[in-house]
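Written out below as structure tokens is the structure these notes cover.
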Protein chains: 2
Amino acid sequence: MQMFFSKTCEYAIRAVIFIAQKSEGGRKVGIKEVAAGIDSPEHFIAKILQDLSKRELIQSSKGPNGGFYVDSSARSNTLADIVRAIDGEKIFKGCGLGLKSCSETKPCPLHNDFKEIRNKMQLTLQSATIGEFNENLNLGLSYIKER
Amino acid sequence: MQMFFSKTCEYAIRAVIFIAQKSEGGRKVGIKEVAAGIDSPEHFIAKILQDLSKRELIQSSKGPNGGFYVDSSARSNTLADIVRAIDGEKIFKGCGLGLKSCSETKPCPLHNDFKEIRNKMQLTLQSATIGEFNENLNLGLSYIKER
DNA sequence: AGAGTAAAAGATATTAGGGTCTTAATATAT
DNA sequence: ATATATTAAGACCCTAATATCTTTTACTCT
């Protein structure tokens with residue numbers, strides 16, 4: 001059920017971080033490896049990667065020795081870019097109580113509290129670039145896999 | 001699509017606040033009035049109110065002059081109680097990247113940032129009691145209706 | 001006691017998200 | 001050029017969330 005991001009978006013974030021890490025040395029990563037590396041259904045992540053590659057958040061090449069990778073310019077994308085691509089602006093913009101007309105001049109009862117939360121969220125996602133996660137992963141200080 | 005709470009939970013929060021406000025003087029509020037007052041589908045909110053009343057977050061009585069109301073003890077429930085009743089603990093507990101094994105000792109790359117966000121969320125919901133919203137609503141300083 | 005009113009309960013539809021599978025397209029190596 | 005590896009694309013299915021409708025139960029007033 002409910003969480004900050006959709007399941008699709010969760011997988012997308014994990015996958016991009018994973019691919020960025022693995023492709024750092026120039027090699028490419030296959031779908032099977034991604035699925036295994038982040039514990040996701042293979043066909044489902046394939047779908048998501050297609051989408052991410054169309055939006056140029058990751059790169060891909062077909063054929064033997066093909067696979068997915070993250071080039072150096074894409075490494076400077078932030079997590080916010082991924083979330084925006086998959087889940088849209090809602091997490092940054094929408095009213096916590098689902099009111100379309102909620103605004104500064106016509107706030108819902110939680111408007112101000114949620115503004116803070118959203119700002120913190122935005123700051124977090126905006127300031128974390130894809131490239132930055134590699135080191136902690138390599139050092140085993142953080143994880144993107146269940147087991 | 002994605003937001004902090006499920007649609008059901010959004011309606012639930014708005015409805016409880018609405019009923020608390022309207023029933024402050026002791027009168028009871030019918031389903032139709034609730035639906036109109038918070039812009040929700042009538043039959044859907046009926047379902048949700050049933051549930052809330054079973055969980056004693058609101059009270060109800062049948063028959064003529066019946067309806068829903070919030071008694072004084074229920075007024076001291078917090079928004080967190082409503083969210084917990086409808087959406088469960090996920091918003092307070094779950095990992096932002098959907099990892100079941102995410103923890104202090106095996107954190108996902110966003111673990112610490114999300115901990116802050118969740119804490120702020122919990123604090124917000126925990127410290128706001130149902131009864132507290134009436135005044136701002138009455139003064140027209142906040143709104144729970146679209147139009 | 002009976003009529004009428006209102007919520008409770010439950011059965012049924014609709015939609016969107018999540019997930020799977022199959023076929024097509026493309027690049028590479030030989 | 002052909003075979004093969006690999007992603008791209010799209011059709012399809014399942015489940016849970018969302019929403020609606022109908023029937024039952026309970027209460028109140030006369």
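Numbers restart at 1 for each chain; the letters A, B, ... are given by sequence-line order, proteins then strands.
For B:E146, the CD atom sits in a packed shell: over 12 heavy atoms of surrounding residues, nucleotides or ligands are nearer than 6.0 Å. Counting non-hydrogen atoms of other residues, nucleotides and ligands closer than 6.0 Å to CD of A:E56 gives a total of 12 or fewer. By the neighbour-count criterion of 12 heavy atoms within 6.0 Å, atom CD of B:E42 is densely surrounded, having more than that number from other residues, nucleotides or ligands.
The shortest heavy-atom contact between A:I58 and A:V70 is CG2-CG2, 4.0 Å.
A cation-pi arrangement is present between B:K7 and B:Y11, with the terminal nitrogen or guanidinium carbon under 6.0 Å from the aromatic centre and inside a 45° cone about the axis.
A salt bridge links A:R84 and A:E89; the closest N-O separation between the charged side-chain nitrogens and carboxylate oxygens is under 4.0 Å. A salt bridge links A:E104 to A:K115: at least one charged side-chain nitrogen sits closer than 4.0 Å to a carboxylate oxygen. Salt bridge annotation for A:R55-A:D51: present, with a cationic side-chain nitrogen under 4.0 angstrom from a carboxylate oxygen. With salt bridges taken as basic N to acidic carboxylate O contacts below 4.0 Å, none links B:K22 and B:E33.
In this structure, the helix from C:dA1-D:dT30 to C:dT30-D:dA1 shows an angle of 10° between the axis at its start and the axis at its end, each fitted on 5 base pairs and rounded to 10°.
Dashed line: the shortest gap from a side-chain N or O of B:T8 to OP1 or OP2 of D:dA17 is not under 4.0 Å. Within the structure, a side-chain polar atom (N or O) of B:S60 is placed less than 4.0 Å from OP1 or OP2 of C:dA8. A sub-4.0 Å separation between OP1 or OP2 of D:dA17 and a side-chain N or O of B:S6 is absent.
No side-chain donor-acceptor contact under 3.5 Å links A:S53 and A:Q50. Under the 3.5 Å distance criterion, with hydrogens and angles disregarded, no donor-acceptor pair is assigned to the side chains of B:Q21 and B:N134.
Computed from coordinates, the A:K90 NZ to C:dG17 C1' distance equals 13 Å when rounded to whole Å. Protein atom CZ of A:F5 is 18 Å distant from nucleotide atom C1' of C:dG18, rounded to whole Å. In this structure, NZ of B:K47 is placed 14 Å from C1' of D:dT24, rounded to the nearest angstrom. Distance CG (A:D87) to C1' (C:dG17): 11 Å, rounded to an integer number of Å. Summarising the geometry, the separation between CG on A:L49 and P on C:dG19 is reported as 14 Å, rounded to the nearest angstrom. For B:Y69 and C:dA7, the OH to P distance is 12 Å, given to the nearest whole Å. To the nearest angstrom, C1' of C:dT20 lies 13 Å from CD1 of A:I48. The nearest whole Å value for the distance from the CD1 atom in A:I86 to the C1' atom in C:dG18 is 13 Å.
Of the residues in residues 29-45 of chain B, those with a non-hydrogen atom less than 4.0 angstrom from any atom of DNA chain D are B:P41, B:H43, B:F44. Near DNA chain D, meaning a heavy atom under 4.0 Å away, there are no residues from residues 50-58 of chain B.
Checked against D:dA8, D:dA19, D:dA11, the side chain of B:Y11 finds its nearest nucleotide in D:dA19.
Expressed to the nearest 0.5 Å, how far CZ of A:R75 lies from CG of A:L57 amounts to 13.5 Å.
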task: Assign a letter to each nucleotide of nucleotides 25-30 of chain D from its 5' end: B, base within under 4.0 Å of a protein heavy atom; S, sugar-phosphate only; -, no contact.
output: BSBBS-
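Taking the side-chain contact (heavy atoms from CB on, under 4.5 Å) definition, one finds that A:L123 meets it with nothing, sequence neighbours left out.
The hydrophobic side chain of B:Y69 is isolated, with no ILVMFWY side chain under 4.5 Å apart from it.
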